[in-house]
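Here the structure is laid out as structure tokens; the discussion comes afterwards.
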Amino acid sequence: MSKEITSRQQDYSQWYNDLVIKGNLADYSAVRGCMVIKPYGFSLWEKMQAQLDRMFKDTGHENAYFPLFVPKSLFEAEEKNAEGFAKECAVVTHYRLISDPSAKGRLMVDPEAKLEEELIIRPTSEAIIWNTYKNWIQSYRDLPLLINQWANVVRWEMRTRLFLRTAEFLWQEGHTAHATGEEAVKEAELMLDIYAEFAEKYMALPVIRGVKTESERFAGAIDTYCIEALMQDGKALQAGTSHFLGQNFARAFDVKFSDKDNKLDYVWATSWGVSTRLVGALVMAHSDDDGLIMPPKIAPIQVVIVPIYKGNDKKDLLDGKGQELASQLKSRGISVKFDQNDNARPGWKFAEYELKGVPLRIAMGLRDIESGTVEVVRRDTREKMVMSLEGLTEKIITLLDNIQENIYQKALTYRDSRITKADNWAEFVRLLDEKGGFISAHWDGTPETEQTIQEKTKATIRCIPLNNPLEEGNCIFSGKPSQQRVLFARAY
RNA sequence: CGGGGCGUAGCGUAGCCCGGUUAUCGCGCCUGCUUUGGGAGCAGGAGGUCGCCAGUUCGAAUCUGGCCGCCCCGACCA
């Protein structure tokens with residue numbers, strides 16, 4: 001093993017870093033807290049983007065692009081939103097550099113080139129977008145306005161982790177305007193459903209849909225909906241959010257419309273987003289101590305073909321056969337890599353594609369050519385199968401579906417085994433420490449209790465699940481009456 | 001910003017306590033030959049501001065002071 005991966009048991013954080021770095025997803029960069037997304041990692045993101053974008057368009061949304069910079073006066077217009085993000089904003093104050101007279105070859109900020117108004121680098125785009133929507137919306141006929149943008153944002157985090165939390169990250173943010181509150185709530189719920197469907201069907205990542213408590217709510221929102229996933233170390237990870245913003249931003253930016261009776265009212269808003277954090281979620285949810293495990297529907301390479309030959313004369317024969325198989329699979333929409341690299345031995349390639357999480361590997365050697373077979377190996381179960389070339393494409397398609405399903409079921413079984421009810425404080429604390437995962441417990445509904453629990457245990461309320469069954473009980477901490485259980489967990 | 005660890009070739013490292021020729025080893029890289037069914041072998045070769053700056057010294061990777069950067073854990077957060 002030339003690329004040693006730290007085991008999960010030994011050091012979970014280091015295991016994660018090893019997979020991201022050695023699996024060629026990303027690199028550290030010269031900028032603190034910012035990463036370089038490498039081609040293999042970026043193609044993962046592109047796969048996610050492509051599917052999500054399709055789903056957004058299928059539900060009537062259009063893409064647009066708004067500026068990276070937000071004038072401070074606009075940024076501060078919606079007070080709660082501004083307050084919430086203020087402490088993590090990067091700010092542009094000058095627009096020019098000049099040669100430093102006291103240090104040859106160095107540059108300095110030109111003190112003469114101070115901006116009259118500072119520009120905030122967007123931590124999110126509500127401000128600039130709602131300032132624009134004001135000009136786009138006059139009548140109910142302009143509604144609903146359903147816009148999405150793919151963009152980068154910057155949040156100056158104290159501590160960063162590859163993909164999970166970086167100072168700059170890529171995401172999509174949807175921003176919609178509606179004539180009624182009910183319609184806006186429906187939109188927020190619809191987008192949450194789309195996120196959940198995407199996570200489960202494509203990323204093979206089971207998620208819980210829920211509503212955030214007041215303290216975890218998006219700054220400026222009335223309600224924040226979320227999908228919560230569980231990682232292999234028992235910590236929860238918020239994988240996507242969707243917000244019902246009420247009329248808060250419409251009021252702040254004076255966005256009114258005339259209804260059919262010519263009465264003026266503020267429009268109703270939503271916003272929703274998922275980010276490159278999903279790449280981190282994918283890595284942490286499925287992978288093992290030998291490397292990444294990619295669900296076929298998101299995998300940049302679904303099938304790799306490795307030729308095995310002795311001597312250059314046989315290489316041509318195998319190249320031909322390999323190309324033939326590759327184009328067969330490609331014609332059915334499977335993404336295939338035929339690895340003809342002559343510098344690496346087959347054993348090296350096997351290990352490398354396992355590290356990279358390619359779902360299926362096909363090895364093809366002289367013995368196979370004689371018998372009309374190939375060796376097929378699944379990454380998820382490591383099962384080795386000798387298969388006839390006849391009808392192979394169909395079998396590969398079925399196998400990819402099986403792998404997708406198996407990865408999902410495995411994650412689901414794990415997740416479900418770690419949703420545990422707790423009915424007293426001692427048990428609650430013990431479960432958090434010994435088992436992890438989601439703890440389903442009663443809560444008295446007050447932010448004070450929520451905060452005290454967090455201070456004592458580092459667990460937060462991840463969400464109140466949608467369609468949560470009502471149940472009489474007593475708060476796990478205060479003992480006060482409660483009507484429903486909520487989900488607690490330690491989280492990323 | 002606190003606590004811990006680290007910085008020597010693209011990567012991983014030895015040397016540092018106790019200063020002394022040309023800075024160690026492995027992987028990778030280049031050339032050639034042999035190889036190829038689980039991270040190939042042999043031979044030859046290239047590659048270094050020892051994180052940066054100052055100091056001590058005849059002499060510093062090694063000692064002293066300052067600074068910078070990264071990783072892990074915590075506080076903040078998607």
Within 6.0 angstrom of [X] [atom1], more than 12 heavy atoms from elsewhere:
X	atom1	answer
Lys435(A)	NZ	yes
Gln323(A)	CD	yes
Lys315(A)	NZ	yes
Lys235(A)	NZ	yes

Between [atom2] on [N] and [atom1] on [X], what's the gap in Å once rounded to a whole number?
X	N	atom1	atom2	answer
Ile21(A)	C11(B)	CD1	P	12 Å
Asn81(A)	A78(B)	CG	P	12 Å
Arg490(A)	A75(B)	CZ	P	10 Å
Lys356(A)	G39(B)	NZ	P	18 Å
Trp156(A)	A78(B)	CH2	C1'	17 Å
Lys235(A)	A78(B)	NZ	P	15 Å
Glu126(A)	A78(B)	CD	P	13 Å
Asn152(A)	A78(B)	CG	C1'	15 Å

Distance check, [atom1] atoms only: [N] and [M], in whole angstrom units.
N	M	atom1	result
U56(B)	C63(B)	C1'	8 Å
G48(B)	A9(B)	P	10 Å
U21(B)	G15(B)	C1'	16 Å
G66(B)	C27(B)	C1'	36 Å
C25(B)	U36(B)	C1'	28 Å
G32(B)	C70(B)	P	42 Å
C16(B)	U24(B)	C1'	13 Å
U8(B)	A14(B)	C1'	10 Å

### Of residues 269-282 of chain A, the positions that come close to RNA chain B - non-hydrogen atoms, cut-off under 4.0 Å
Ser275(A), Arg277(A)
Below 3.5 Å between N/O atoms, which protein atoms pair up with nucleotides 28-38 of chain B? Just atom names and distances, please.
| residue | atom | partner | partner atom | Å |
| --- | --- | --- | --- | --- |
| U36(B) | O2' | Tyr309(A) | O | 3.1 |
| U36(B) | N1 | Tyr309(A) | O | 3.4 |
| G37(B) | N7 | Arg367(A) | NH1 | 3.4 |
| G37(B) | O6 | Leu366(A) | N | 3.3 |
| G37(B) | O6 | Arg367(A) | N | 2.9 |
| G37(B) | O6 | Asp368(A) | N | 3.3 |
| G37(B) | O6 | Asp368(A) | OD2 | 3.3 |
| G37(B) | N1 | Asp368(A) | OD2 | 2.5 |
| G37(B) | N2 | Asp368(A) | OD2 | 3.3 |
| G38(B) | N7 | Lys384(A) | NZ | 3.1 |
| G38(B) | O6 | Arg361(A) | NH2 | 2.6 |
| G38(B) | N1 | Glu354(A) | OE2 | 2.7 |
| G38(B) | N2 | Glu354(A) | OE1 | 2.6 |
| G38(B) | N2 | Glu354(A) | OE2 | 3.4 |

### Task
Check step by step if side-chain contact (heavy atoms from CB on, under 4.5 Å) holds for Arg379(A) and Tyr353(A).
CA-CA 9 Å; Arg379(A) 174 64 180 89; Tyr353(A) 291 112; over 6 Å; no
### Query
Checking all strands, does Lys87(A) fall into the base, sugar-phosphate, or nothing category for heavy-atom contacts under 4.0 angstrom?
sugar-phosphate
### Task
Looking at every strand, decide which applies to Glu157(A) at a 4.0 Å heavy-atom threshold: base, sugar-phosphate, or nothing.
base
### Task
With pairs defined as Watson-Crick or G-U wobble and both distances under 3.5 angstrom, please note down RNA chain B as a dot-bracket string, | for pairing with another strand.
(((((((..(((.......[....))).((((((.....)))))).....(((((..]....))))))))))))....
### Query
Do any pairs count as a side-chain hydrogen bond (donor to acceptor under 3.5 Å, both in side chains) and have a residue in residues 36-47 of chain A, sequence neighbours left out, and if so which ones?
Asn24(A)-Lys38(A)
### Task
Tell me whether the centres of the aromatic rings in Phe249(A) and Tyr133(A) are closer together than 6.0 Å.
no
### Query
Does Phe218(A) have its ring centroid less than 6.0 Å away from the ring centroid of Tyr225(A)?
no
### Task
Would you give the length of the straight line joining atom NZ of Lys337(A) to atom CD1 of Ile301(A), rounded to the nearest 0.5 angstrom?
5.0 Å
### Task
Could you tell me the separation between the OH atom of Tyr28(A) and the CE atom of Met35(A), rounded to the nearest 0.5 Å?
10.5 Å
Could you run down the sub-3.5 Å N/O contacts of the protein with nucleotides 69-72 of chain B?
| residue | atom | partner | partner atom | Å |
| --- | --- | --- | --- | --- |
| C72(B) | OP1 | Asn17(A) | ND2 | 2.5 |

### Atom of Leu146(A), atom of Thr59(A) and distance for their closest heavy-atom approach
CD1-O, 4.2 Å
So, does [X] use its side chain to make a donor-acceptor pair with the main chain of [Y] at under 3.5 Å?
X	Y	result
Ser335(A)	Pro300(A)	yes
Arg122(A)	Phe66(A)	yes
Ser275(A)	Trp171(A)	no

#### Entry: Residues in side-chain contact (heavy atoms from CB on, under 4.5 Å) contact with Phe69(A), at least two apart in sequence or another chain
Val92(A), Leu119(A), Ile121(A)
